[in-house]
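Numbering starts at 1 and runs along the sequence shown.
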Amino acid sequence: MKFFKYIFFLIVLIFVLGSLYIATVSVHNQETINFETPINAKLFESKIKDFSSYSNWFSIGEDKAINPRLSNSEDFENSTLSWQNSKFEGINLQNKSKFSDSLVQQLTLKTWLSLSEIDLTWKFETSENNSKFILHLESNADFWQKAEYVFTGISHLDIAKTSIENSLSSLESSIQKEISVYDMTAVGKVETSEFYLLHATSAARLNFNKILEKSEPIFKSIEDFMMEQKFEIYKGRLILFENLYENTGNLIFSPGIGSQEKIAIPNTYEILSKSVSQGAYFKTKLTGDHTNMQELIEYSNTIVANRSLKINTRLKPFLEFEINSNSTVNPSKWITNYYIPIIE
């Protein structure tokens, strides 16, 4: 009997000492991930807050998700994605709140021994050349999480951090593949009615990246003016090429916003206005990123030449940005139309 008492007291002693040791174990409760990418941060944000595509890029640990379940997808603050794998009996990711430049989520990880709740706070920033976002992870480890850490040598927070870092790299590759897809189609001959272009005029070498870079602030400035003055936008963003057929070294172009009516512009604004005459044009359409703009122009010119159409040099070709970054941050969904004036 004494032997069993000693064994019992020994077990109790080991348990008490083990508990005291576990209670004193220090486990990190905060981690930060910094991620930079040339892709627009808003596009990353749209993917991160939309759980429907997570199965393509997100995972906790190295195992695939088992029985993924998406709940309350129409209600952002209650939308939840749940699954499990060989490491965790339950994994739960929930959207909590969103702001103009940040997003808050909560990740719950459950094993046979412990359950942890990890707060995820995303902050997104887009600069001229690239984007970056910061993810702050925070979790307070309780006794059972510390016990599991002692047994396994890795905390739930560490697993979450490593998994999210790997998943972000997968997401970046997925987005790059998605936005690299584009399509060009010949719409054919169209007739356009007369309209007015509120614009500024600039010049650059025949480099469409540079042309678009110079045009962007002009678009925004004129859009702001038209909203302030409550003028109706007709054709949206346009770039009129003033001397494309003159074979000069510098291309003069007029980025602006289309209007159906002639607008009197106060002298305090550095905005010009001109009419774009009605006429016949050959229209082509690019669906995809603006990085393919040069190819669109070459494609359009080739089709016009192959169909033996004669260019009307009395009119000017122009680009129409039918769907652009104002509508969606996803470049693969942008639609740009190119109009070449022709003689019927």
> Okay, side chain of Lys214, backbone of Ala203: is any donor-acceptor separation there less than 3.5 Å?
Replying inline: yes

>> If I take atom NZ from residue Lys47 and atom CZ from residue Phe58, how far apart are they, to the nearest 0.5 angstrom?
In response: 15.5 Å

> Is atom CD of Glu261 surrounded by more than 12 heavy atoms (other residues, nucleotides or ligands) closer than 6.0 Å?
Replying inline: no

> Between Thr32 (side chain) and His136 (backbone), is there a donor-acceptor pair under 3.5 Å?
Replying inline: no

> Between Phe133 and Phe124, is the ring centre distance below 6.0 Å?
Replying inline: yes

> Is the backbone of Lys177 close enough, under 3.5 Å, to the side chain of Ser180 for a donor and an acceptor to pair up by distance?
Replying inline: yes

>> To check you understand the geometry: which heavy-atom pair defines the closest contact between Ala204 and Lys210, and what is its length?
In response: CB-CG, 4.3 Å

>> If hydrophobic clusters are built from ILVMFWY residues whose side chains come within less than 4.5 Å, do Leu212 and Ile257 share one?
In response: yes

> Side chains of Val187 and Tyr338: does their closest heavy-atom pair fall under 4.5 Å?
Replying inline: no

> Within the distance-only criterion (no hydrogens, no angle test), does the side chain of Asn243 pair as donor or acceptor with the backbone N or O of Ile252 below 3.5 angstrom?
Replying inline: yes

>> To the closest 0.5 Å, what do you measure between NZ (Lys189) and CD1 (Ile342)?
In response: 5.0 Å

> Does the Ser221 side chain pair with the main chain of Pro217, one donor and one acceptor, at a distance under 3.5 Å?
Replying inline: no

>> Distance alone, cut at 3.5 Å: any donor-acceptor contact between the side chains of Asn56 and Ser53?
In response: no

>> Determine whether Asn67 and Arg69 satisfy the following criterion, side chain to side chain contact (heavy atoms under 4.5 Å, CB included), listing intermediate values before the conclusion.
In response: CA-CA 6 Å; Asn67 299 325; Arg69 300 174 301 281; 3.7 Å; yes

> Charged N to carboxylate O below 4.0 Å: is that the case for Arg237 and Glu216?
Replying inline: yes

> Which pairs, with at least one residue in residues 295-308 and sequence neighbours excluded, count as a side chain to side chain donor-acceptor pair (under 3.5 Å)?
Replying inline: Tyr182-Glu295, Thr284-Ser300, Gln294-Glu298

> CG/Leu81 to CG/Asp50 distance, rounded to the nearest 0.5 angstrom?
Replying inline: 10.5 Å

> Given Lys42 and Glu45, is the salt bridge (charged side-chain N to carboxylate O under 4.0 Å, His left out) satisfied, shown in steps?
Replying inline: CA-CA 5 Å; Lys42 290 293 183 183; Glu45 181 183 0; 3.5 Å; yes

> Is any side-chain heavy atom of Gln30 less than 4.5 Å from a side-chain heavy atom of Glu138?
Replying inline: yes

>> Testing the basics here: between Met184 and Leu296, what is the closest heavy-atom pair and its distance to 0.1 Å?
In response: SD-CA, 3.4 Å

> Between Ala41 and Ser131, which heavy-atom pair has the shortest distance, and what is it?
Replying inline: N-OG, 3.0 Å

>> How close do Pro317 and Ile340 get, counting heavy atoms only, and between which atoms?
In response: CB-CA, 4.5 Å

> Under 4.5 Å between side-chain heavy atoms, hopping through other hydrophobics if needed: is there a path connecting Leu115 to Ile60?
Replying inline: no

> Taking the side chain as C-beta and beyond, is there a heavy-atom pair between Ile164 and Leu137 under 4.5 Å?
Replying inline: yes

> Are side-chain heavy atoms of Tyr54 and Leu70 found at a separation under 4.5 Å?
Replying inline: no

> side-chain hydrogen bond (donor to acceptor under 3.5 Å, both in side chains) with Tyr281: which residues, sequence neighbours excluded?
Replying inline: none

> Is a side-chain donor or acceptor of Asn337 paired with a backbone partner of Glu322 at a separation under 3.5 angstrom?
Replying inline: no

> Between NE2 of His156 and OG of Ser114, what distance do you get to the nearest 0.5 Å?
Replying inline: 3.5 Å

>> Walk me through whether Gln105 and Leu107 qualify under side chain to side chain contact (heavy atoms under 4.5 Å, CB included).
In response: CA-CA 7 Å; Gln105 298 175 318; Leu107 175 66; over 6 Å; no

> Is the backbone of Gly61 close enough, under 3.5 Å, to the side chain of Ser163 for a donor and an acceptor to pair up by distance?
Replying inline: yes

>> Around atom CD of Glu232, are there more than 12 heavy atoms from other residues, nucleotides or ligands closer than 6.0 Å?
In response: no

> Would you say Val190 and Ile335 are hydrophobically clustered, going by side-chain heavy atoms of ILVMFWY under 4.5 Å?
Replying inline: no

> Is any side-chain heavy atom of Leu238 closer than 4.5 Å to a side-chain heavy atom of Tyr339?
Replying inline: no

>> Within the 4.5 Å heavy-atom criterion, are Tyr269 and Ile222 side-chain neighbours or not?
In response: no

>> Working note: Leu319 + Phe241, criterion side chain to side chain contact (heavy atoms under 4.5 Å, CB included); need CA distance, chi angles, decisive distance, verdict.
In response: CA-CA 8 Å; Leu319 288 168; Phe241 298 115; 3.6 Å; yes

> What distance do Asn250 atom CG and Glu242 atom CD have between them, rounded to the nearest 0.5 Å?
Replying inline: 13.5 Å

>> Checking Asp119 against Val104 for the side chain to side chain contact (heavy atoms under 4.5 Å, CB included) test, could you report, in this order, the C-alpha distance in whole Å, the side-chain angles of both residues, the deciding distance, and whether it holds?
In response: CA-CA 7 Å; Asp119 294 325; Val104 179; 5.8 Å; no

> Can you hop from Phe253 to Val276 via hydrophobic side chains spaced under 4.5 Å?
Replying inline: no

> For the side chain of Trp334 and the backbone of Thr328, is there at least one donor-acceptor N/O pair under 3.5 Å apart?
Replying inline: yes

> How about Trp122 and Ile33: do any of their side-chain heavy atoms sit closer than 4.5 Å?
Replying inline: no

>> I need the minimum non-hydrogen distance between His199 and Leu197, along with the two atoms involved.
In response: CD2-O, 3.3 Å

> Is it true that Leu43 and Val181 fall in one hydrophobic cluster, defined by side-chain heavy atoms closer than 4.5 Å?
Replying inline: no

>> Looking at Asn95 and Lys49, would you say the former's side chain and the latter's main chain have a donor-acceptor pair under 3.5 Å?
In response: yes

>> Once rounded to the nearest 0.5 Å, what's the spacing between atom OH of Tyr196 and atom CD1 of Ile263?
In response: 10.5 Å

> Considering only heavy atoms from C-beta outward, does the side chain of Ser325 approach that of Phe219 to under 4.5 Å?
Replying inline: no

>> Strictly distance-based, threshold 3.5 Å: is any side-chain N or O of Asn40 a donor or acceptor partner for the main-chain N or O of Val329?
In response: no

>> Tell me whether Lys285 at atom NZ has more than 12 heavy atoms from other residues, nucleotides or ligands lying less than 6.0 Å away.
In response: no

> Which heavy-atom pair separates Pro341 from Tyr245 by the least distance, and what is that distance?
Replying inline: CD-OH, 3.9 Å

